[in-house]
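Below is a structure I'd like to ask you about.
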Amino acid sequence: MVVNQDRTFGTGGGHTNLECAAGKVIRPHSHRAIPRVQNVRAQEVVQVQAGQVILNVYDEGGRHTYSCVLMSGDAVVLLRGGHGFSAIT
């Protein structure tokens, strides 16, 4: 799996490429509040450039709410709560 967090989506963050072998796990996590004019949490855009990954989504209390498989070319916008990934290929 190759994951691309691309600032062209207007996330305001940096550009990060993560290359993950099958079996790699990105532990569930959430983003801290960032003091701004309004108190908002960091958001994340993830696009799978190659391979497949399982996305696990958690509510703000840390309870698992949803899972799905993302494939090459798929993208997801993560706005609130927590999330984690497990590489399939």
For A22 and I88, which heavy atoms make the closest approach, and how far apart are they?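 Between these two residues, the closest heavy atoms are CB-O, 3.2 Å.
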
What are the two closest heavy atoms between V48 and M71, and how far apart are they?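 Closest pair (atom of V48, atom of M71, distance): CB-O, 3.6 Å.
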
With sequence neighbours left out, which residue pairs that include part of residues 64-88 fulfil the salt bridge (charged side-chain N to carboxylate O under 4.0 Å, His left out) condition?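 For residues 64-88: E60-R80.
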
Identify, with sequence neighbours excluded, every residue that meets side-chain contact (heavy atoms from CB on, under 4.5 Å) alongside V25.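 Partners of V25 under the side-chain contact (heavy atoms from CB on, under 4.5 Å) test: S86.
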
Starting from the C-alpha separation in whole Å, work towards a yes-or-no answer on side-chain contact (heavy atoms from CB on, under 4.5 Å) for H83 and L55. CA-CA 7 Å; H83 47 276; L55 165 64; 4.2 Å; yes

Would you kindly confirm whether Y58 and L79 end up in one hydrophobic cluster when ILVMFWY residues are joined by side chain heavy atoms under 4.5 Å apart?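 No, separate clusters.
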
Sequence neighbours excluded, which residues qualify as side-chain hydrogen bond (donor to acceptor under 3.5 Å, both in side chains) partners of S67?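 Counting only residues at least two positions away or on another chain, S67 forms a side-chain hydrogen bond (donor to acceptor under 3.5 Å, both in side chains) with N56, H64.
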
Donor-acceptor under 3.5 Å (S72 side chain, Q49 main chain):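 Yes.
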
List for me each residue that meets side-chain contact (heavy atoms from CB on, under 4.5 Å) alongside T65, sequence neighbours excluded, and say none if there are none.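 So T65 forms a side-chain contact (heavy atoms from CB on, under 4.5 Å) with V57, D59.
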
Any idea which heavy atoms bring G81 and S30 closest together, and the distance?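 For G81 versus S30, the nearest heavy atoms are O-CB, 3.4 Å.
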
